[in-house]
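When reading the values below, keep in mind they use all heavy atoms of this one structure, side chains included, and skip hydrogens, waters and symmetry mates. These figures come from a predicted structure and were not determined experimentally.
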Amino acid sequence: MKCTHIRYVFSALIGILFLLCAYRAMTMSMTHDESGTYLFWHDQAILPFLYEPSLWTSANNHLLNTQLFQISEYILGFSDFSIRLPNVLSWLIYGFSCLVISHIVYNKIPSQVIFLSLILLNPYAFDFFSICRGYGLSLAFLSAALLLIFLYYKRGELTHLISAYICLLFSALAILSHAILLPVFAISIVIVDVITVGLYKARWVGLISFLFLCLSCIILYTPIMALSAGGELAYGNQSLWTSWTTLVQDSLMGKPYVGNHTDTILAVTILVIITIGIILRLACMFKYGSTLNNYRIHGFLAVSFVTLLSALLLSHLILGNEYPINRKSLFLLPIGALLLSSAIDLASSRKTYVGFSIVVFILSLLHFVNTTNLNHTREWWYDSHTKQYIYKIANLSSDDDHISIGCHWLFHPTLSYYQQMGELKNLQIQPYLKDIDLVNSYDYFISTSQEIHLLESEYDVVKKSSTDAILWRKK
């Protein structure tokens, strides 16, 4: 199969997945964090958040996402789809950036197939391109930044490097916890250039990187310091290994394909392969220097991975920061997929590699089809039927009725979103409470199955979803 055929196949795949992404954005119920995002920030100017600490009451405000959904809503009018549209469109940036990256980084077609299978058919990452949060945008601009860095290594044009830094800044503005990649990539780029072309020739790269880091610090200082002071960036774990295993587990969507330890087995296997690949790629970079551009690219990936691990360790040991887990560790996905494909590329013979790449593509496709849900996401599964439930309640009552709705706190933001934005004025949602309200009596109640024993004496089940959300009606 020729490279052009691979391009056509995966371009078609990106297009099909874009349509699926758009369909999910149009039909899925809004989720807990999305609803809070819109209710709190849809009418707030973004610029003051860059210099006024008191505005930062929650890390839920993903700045780039907020700005873009405000623009989208202004142009298209309000709807669930219009405020999700920026993330839907970012799938195209993500997909085609990865497609071009595969042709720049890998000369072998099987390597391209493996990388694209891992990066495009990851159902967990795909979830975030259909919702109004910053994760899809951040991944898209991270992929664009990596593409521009690789173009810089191919062509030696500083404009590509400057554009890459701008994309990295956008990625950080989409998800502030991803700002760690700014110094990591800047340091890695300078290190690779010093090793491969010498200190004198790398001086302009060093200057540009330094100036960019200064600019990024000025822009991001207030948001990061304000959220850190309020404990809003404390979400994480005390184990760096957990950062890696949760990403693998989420990418598997919790499927125990080879038993209860599937995620651990796969996490260890991938990390061992990546580690061997990093050692070999660094050896090649030191040996061949700037004589082969691809060695600079693979060298950058190896150095950036080591630098990233060092930065995470130092921030934990010195500053007490926790390691990112679950959706906070998504930034590891593009780098991990590139390094894994690169390591396998070194070790495989042609015949073995072609067969292996086909197996990886088929398994990735089957996994994607098996785990991608049309009506909910992995992170906010419980909101799969929240929209359906509140409109069912509205349809069962007349405009003159005053209907009260109690709920588990997980459902409160989305119920409030549809009640306010759907102008369901006859419906009254209970105040936000972390505990189930058993003191007051409500016409309807929405809970999880864990509250059945608390509610079954006072309410009858109207409907129970496959994701464990229960609609109750007062007896």
Side-chain angles (χ1 to χ4, degrees), residues 1-17 20 94-127 139 143 244-281 294 298 301 305 330 332-373 378:
M1 184 178 284
K2 297 180 180 178
C3 283
T4 51
H5 297 152
I6 294 296
R7 239 182 247 118
Y8 293 147
V9 169
F10 281 97
S11 293
L13 178 62
I14 291 167
I16 292 169
L17 293 180
L20 178 60
Y94 177 75
F96 286 108
S97 292
C98 291
L99 182 61
V100 178
I101 284 173
S102 70
H103 292 284
I104 292 176
V105 177
Y106 308 111
N107 295 321
K108 298 177 184 177
I109 290 176
S111 304
Q112 298 171 13
V113 172
I114 290 175
F115 168 68
L116 291 171
S117 299
L118 295 174
I119 204 77
L120 298 178
L121 294 172
N122 185 307
Y124 181 63
F126 184 74
D127 265 354
L139 278 175
S143 299
W244 180 247
T245 55
T246 57
L247 178 61
V248 173
Q249 184 181 52
D250 286 330
S251 297
L252 288 169
M253 301 295 269
K255 293 289 184 181
Y257 287 117
V258 292
N260 294 331
H261 300 291
T262 299
D263 54 333
T264 303
I265 294 169
L266 193 58
V268 170
T269 303
I270 292 173
L271 193 59
V272 168
I273 294 171
I274 285 177
T275 302
I276 294 171
I278 286 174
I279 294 170
L280 294 175
R281 290 297 185 183
N294 266 20
H298 291 291
L301 289 170
F305 190 76
L330 271 171
L332 295 172
L333 178 61
I335 303 170
L338 282 163
L339 285 168
L340 179 60
S341 304
S342 174
I344 297 172
D345 184 46
L346 283 171
S348 302
S349 64
R350 178 173 175 78
K351 288 183 179 180
T352 304
Y353 203 17
V354 171
F356 183 71
S357 67
I358 294 172
V359 170
V360 169
F361 174 73
I362 292 174
L363 291 179
S364 298
L365 185 60
L366 290 174
H367 173 60
F368 184 89
V369 172
N370 185 41
T371 56
T372 299
N373 296 292
R378 175 171 170 80

Could you tell me the separation between the CG atom of Asp127 and the CG atom of Asn373, rounded to the nearest 0.5 Å? 7.5 Å
Rounded distance (nearest 0.5 Å) linking atom NZ of Lys255 with atom OG1 of Thr371: 7.0 Å
Give me the atom names and distance for the closest heavy-atom approach of Gln112 to Tyr106. NE2-O, 3.1 Å
Please walk me through it: do Cys98 and Leu116 pass side chain to side chain contact (heavy atoms under 4.5 Å, CB included)? CA-CA 7 Å; Cys98 291; Leu116 291 171; 4.3 Å; yes
Going by the angle between their ring planes, with limits at 30° and 60°, are Trp244 and Phe305 parallel, tilted or perpendicular? perpendicular
Examine distances only and state if a side-chain atom of His367 and a backbone atom of Ser251 form a donor-acceptor pair shorter than 3.5 Å. yes
Could you measure the distance from the OG atom of Ser102 to the CZ atom of Arg7? Nearest 0.5 Å is fine. 8.0 Å
Please answer whether the main-chain N or O of Val354 pairs with a side-chain N or O of Ser357 as donor and acceptor at a distance below 3.5 Å. yes
Hey, are the side chains of Phe115 and Pro334 touching, using non-hydrogen atoms and a 4.5 Å cut-off? no
Answer whether the closest heavy-atom distance between the side chains of Leu17 and Tyr94 falls below 4.5 Å. no
For the residue pair Gly277 and Ala343, what are the closest heavy atoms and their distance? CA-CB, 3.7 Å
Might you point out which heavy atoms bring Leu333 and Leu247 nearest each other, and give the distance in Å? N-CD2, 4.0 Å
Minimum side-chain heavy-atom gap Leu363-Tyr257 below 4.5 Å: no
CD1 (Ile14) and CG (Leu120) are apart, to the nearest 0.5 Å, by 5.0 Å
Could you tell me whether the side chain of Ser111 reaches within less than 4.5 Å of the side chain of Ile344, counting heavy atoms only? no
Taking the side chain as everything from C-beta on, heavy atoms only, tell me whether Val113 gets closer than 4.5 Å to Val360. no
What's the spacing between Asn122 CG and Thr372 OG1 if we round to 0.5 Å? 9.0 Å
Pairwise side-chain contact, Phe356 with Ile114, heavy-atom cut-off 4.5 Å (strictly under): yes
Closest heavy-atom pair, Pro123 versus Met253, reported as atoms and distance to 0.1 Å, is CG-CG, 3.6 Å
On a heavy-atom basis, which atom in His298 and which in Ser342 lie closest, and how many Å separate them? ND1-OG, 3.0 Å
Which atom pair, heavy atoms only, marks the closest approach of Ser341 to Ala337? OG-O, 2.9 Å
Got a second to check how far Leu121's CG is from Ile362's CD1, nearest 0.5 Å? 12.0 Å
My understanding is that only one of Ile274, Leu118, Ile119, Leu301 makes a side chain to side chain contact (heavy atoms under 4.5 Å, CB included) with Leu338; could you say which? Leu301
With side chains defined as the heavy atoms from C-beta onward, is the minimum distance between Ser11 and Leu99 less than 4.5 Å? yes
